[in-house]
**Q** 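Quick one: the structure is below, and I'll ask about it shortly.
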Amino acid sequence: MDQKTTMAIEERNRHLEQADRRLIWHPFTQMKQWEATTPLIIEEGRGEFLKDIYGRWYLDGVSSLWVNIHGHRKKEIDQALKEQIDRLSHSTLLGLGNVPSIELAERLLSIVPEGLTKVFYSDNGSTSVEIALKMAFQYWKNRGIEGREAFVCLNHAYHGDTLGAVSVGGIELFHEVYRPLLFRTFRAPSPYCYRCELGLDRQSCSMACLERLEEILKEHHEEIAALIIEPLVQGAGGMIVHPEGYLRAVRELTRKYDVLMIADEVAVGFGRTGRMFACEHEEVVPDFLCLSKGITGGYLPLAVTITTDEVYSAFLAEYRELKTFFHGHSYTGNPLACAAAVASLELFKKENTLEGVRKKAGILQSWLKEVSGLSHVGDARGIGLIAGVELVKEKDKKEPYPFHEQIGYRVCYRARERGLIIRPLGDVIVIMPPLSISEENLQRMLEIIRDSIRDVTEE
Ligand SMILES: *Cc1c(COP(=O)(O)O)cnc(C)c1O
């Protein structure tokens, strides 16, 4: 490159960095802090790597926030999108059908737990949750049963950022300020064994947290429309992995007390846990299954709320009876997104994606064992290609680092200098690479994380 071109690139890059700071309000970001640093701006992707505007490559350790499954610029998905663009980019599902939305519904219904039969489209995880909440609420009304107006959720839960989803959220830091705007919920303990709310020990507790949940259901089931849960792993709450048998027991309790169950698999769906859906691990069939993030392989925003004939049929009536589900979005069932999702599901078969995840999960598990020995790692947990490493100031007392030290953020920053993009959830370092990551790059990523943790916590 001649000097003139180099200078033009430098100038463009500086412009982009300034314009980003001047014009864009980033999600979940203290913008004062952002404005004081140089933003990392991504320009290109390939496989499990992202390239910034200076041509530096980074491992995408968070799958571009859970969504990427088969890597960036995956040939088959690129091709499916190009073909779909030449036919139709968008047409509404209000009053019309479109071909890719039908093809995708058929495929989804052939792989979700048996008994889930109706697909309602939307565009992101939060809306898929809103839809499940509204459907559950209206289900009881439509059946002429009054009083079922509250929901049960877990502490540390995360179901999205729209107000309904925030109502059933349980992360104080994100949700507390909005409390006056939110509807009524009952909160059950999170099965967060490392920091048990009931002060018990997993070896001897017999999951006493379930008893607390049962008390709520026993006393209030006639006021409750549904229970909502992230199956197996509470993601944004800190990659809290639930003990075996917990999900199945929750399902049994909802059946016993005749309360609907919403499984929010927005994060854990599409192979993350080593099975296509987390509910499969415990043979659970929920009344609603919410899916988004990985659904299009990380290409386009799309979500579905899948429910049963039982729920669906409660909405069937003469128009004048007002039992219609009055809900929909402009881009509902977008053909491009659906075509990408169909191509992604094809790849699961063609590339044996789930088998690959289970193999790499083994590597991740041994690494978790190894790092749990580090002097500031309180807990290292994971399942499939999901993991969280919780850092603590004092290991014996499980004493957290002071909030303002931003220890997680500092570890992630150090990892970035070594060519890996990861994000913290408070003091928990989260790991969720694209499912297609090579074993070699997974190992590399884990080494970088271990070294970065040591650098920051043992310096
Ligand atoms: C990310 C997430 C959501 C929200 O999805 P968005 O697409 O960000 O709106 C909902 N539930 C769970 C479990 C999630 O991880």
Side-chain angles (χ1 to χ4, degrees), residues 26-29 62-69 120-136 151-171 173-175 178 182 185 190-192 226-242 247 250 261-273 277-279 284 286 288-306 327 329-332 334 337 340-341 382-388 423-426 428 430-432 435:
H26 285 263
F28 280 94
T29 302
V62 292
S63 299
S64 295
L65 224 66
W66 296 97
V67 300
N68 196 282
I69 301 284
F120 194 98
Y121 282 106
S122 61
D123 340 315
N124 61 72
S126 307
T127 54
S128 77
V129 167
E130 296 291 334
I131 287 159
L133 296 171
K134 285 174 74 176
M135 279 180 178
F151 291 85
V152 181
C153 53
L154 300 190
N155 289 331
H156 300 296
Y158 179 78
H159 298 291
D161 296 328
T162 52
L163 284 173
V166 170
S167 291
V168 290
I171 303 177
L173 177 67
F174 303 163
H175 300 146
Y178 303 110
L182 308 180
T185 57
S190 161
Y192 181 8
L227 169 146
I228 182 165
I229 185 168
E230 294 157 84
L232 259 45
V233 184
Q234 290 183 293
M239 300 300 201
I240 299 165
V241 181
H242 296 172
L247 180 67
V250 168
M261 177 182 178
I262 303 168
D264 176 358
E265 293 218 21
V266 168
V268 294
F270 298 104
R272 273 279 147 205
T273 63
F277 302 106
C279 280
V284 161
F288 298 93
L289 181 65
C290 301
L291 302 171
S292 185
K293 289 196 167 110
I295 190 168
T296 62
Y299 271 64
L300 287 161
L302 181 72
V304 291
T305 307
I306 307 184
H327 185 114
H329 301 281
S330 313
Y331 283 95
T332 287
N334 176 255
I383 179 173
L385 278 181
I386 304 174
R423 275 181 65 81
L425 288 164
V428 180
V430 306
I431 300 168
M432 43 191 190
L435 303 190

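Because only heavy atoms are used, hydrogens play no part in the values below, and waters and symmetry mates are left out as well, while side chains stay in. For ligands, and for the atoms within them, numbers begin at 1 and follow the listed sequence.
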**Q** Between Tyr158 and Asp161, is any pair of side-chain heavy atoms under 4.5 Å apart?
**A**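 A side-chain contact under 4.5 Å exists here.
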**Q** What residues come within 4.0 Å of ligand 1, counting heavy atoms only?
**A**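 Near ligand 1, by chain and number: Asn124, Gly125, Ser126, Tyr158, His159, Gly160, Glu230, Asp264, Val266, Ala267, Lys293.
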**Q** Could I get the full list of side chain to side chain donor-acceptor pair (under 3.5 Å) partners for Tyr331, not counting sequence neighbours?
**A**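 Expected list: none.
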**Q** Taking only residues two or more places apart in sequence, or in another chain, which ones meet Ser190 in a side chain to side chain donor-acceptor pair (under 3.5 Å)?
**A**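 Checked Ser190 against side chain to side chain donor-acceptor pair (under 3.5 Å); matches are Gln234.
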**Q** Name all pairs fulfilling the side chain to side chain donor-acceptor pair (under 3.5 Å) condition that reach into residues 290-303, sequence neighbours left out, sorted by first residue then second.
**A**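 Applying side chain to side chain donor-acceptor pair (under 3.5 Å) to every pair that reaches into residues 290-303, excluding sequence neighbours, yields Asp78-Tyr299.
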**Q** State, yes or no, whether a side-chain contact exists between Ile386 and Ile431 at a heavy-atom distance under 4.5 Å.
**A**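 Counting from C-beta outward, Ile386 and Ile431 never come under 4.5 Å.
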**Q** Side chains of Asp264 and His159: any donor to acceptor distance under 3.5 Å?
**A**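 A pair is found: one side chain offers a donor N or O, the other an acceptor, under 3.5 Å apart.
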